[in-house]
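If you scroll down you'll find the structure; I have some questions about it.
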Amino acid sequence: MERNVGGLDRIVRSVLGLWLLAVTVAALVAGRRGTAVATGIAAAGLLFNATTQFCGGNYVLGIDTTEASCSRE
């Protein structure tokens with residue numbers, strides 16, 4: 001997998017992923033399992049993207065937000 005997530009994009013995905021993880025825990029405590037599952041899946045996806053620096057959606061759309069993409073132009 002070639003990296004295509006970097007810089008501000010990676011930071012935003014990390015922050016949103018952590019926020020959704022907190023929402024997941026709050027939903028579990030409140031007994032809202034459906035909300036917890038949905039937000040848990042979204043959090044896992046965003047944190048996976050931020051950690052691996054790869055996003056399948058970016059790959060399909062040809063988007064590259066890494067610093068290396070700036071030097072290629």
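Counting from 1, the numbers follow the sequence of the chain as shown.
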_By side chain to side chain contact (heavy atoms under 4.5 Å, CB included) - contacts of Thr51 (at least two apart)_ = none
Name each donor-acceptor pair under 3.5 Å that joins a side chain in residues 15-27 to protein atoms two or more places apart or in another chain, with its distance.
| from | atom 1 | to | atom 2 | distance (Å) |
| --- | --- | --- | --- | --- |
| Thr24 | OG1 | Leu20 | O | 2.8 |
| Thr24 | OG1 | Thr39 | OG1 | 2.8 |
| Thr24 | OG1 | Gly40 | N | 3.1 |

*asked:* Within this structure, what is the CG-CZ distance for the pair Asp64 and Arg3, rounded to the nearest 0.5 Å?
replied: 11.5 Å
*Report the residues that fulfil side-chain hydrogen bond (donor to acceptor under 3.5 Å, both in side chains) with Asp9, sequence neighbours left out, ordered by chain and then residue number.*
Arg13, Thr65
*What closest approach, in Å, do Met1 and Phe54 show between heavy atoms, and which atom pair accounts for it?*
SD-CD2, 3.4 Å
_Nearest heavy-atom neighbours spanning Cys55 and Val5_ =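 In terms of heavy atoms, the two residues are closest at CB-CG2, 3.7 Å.
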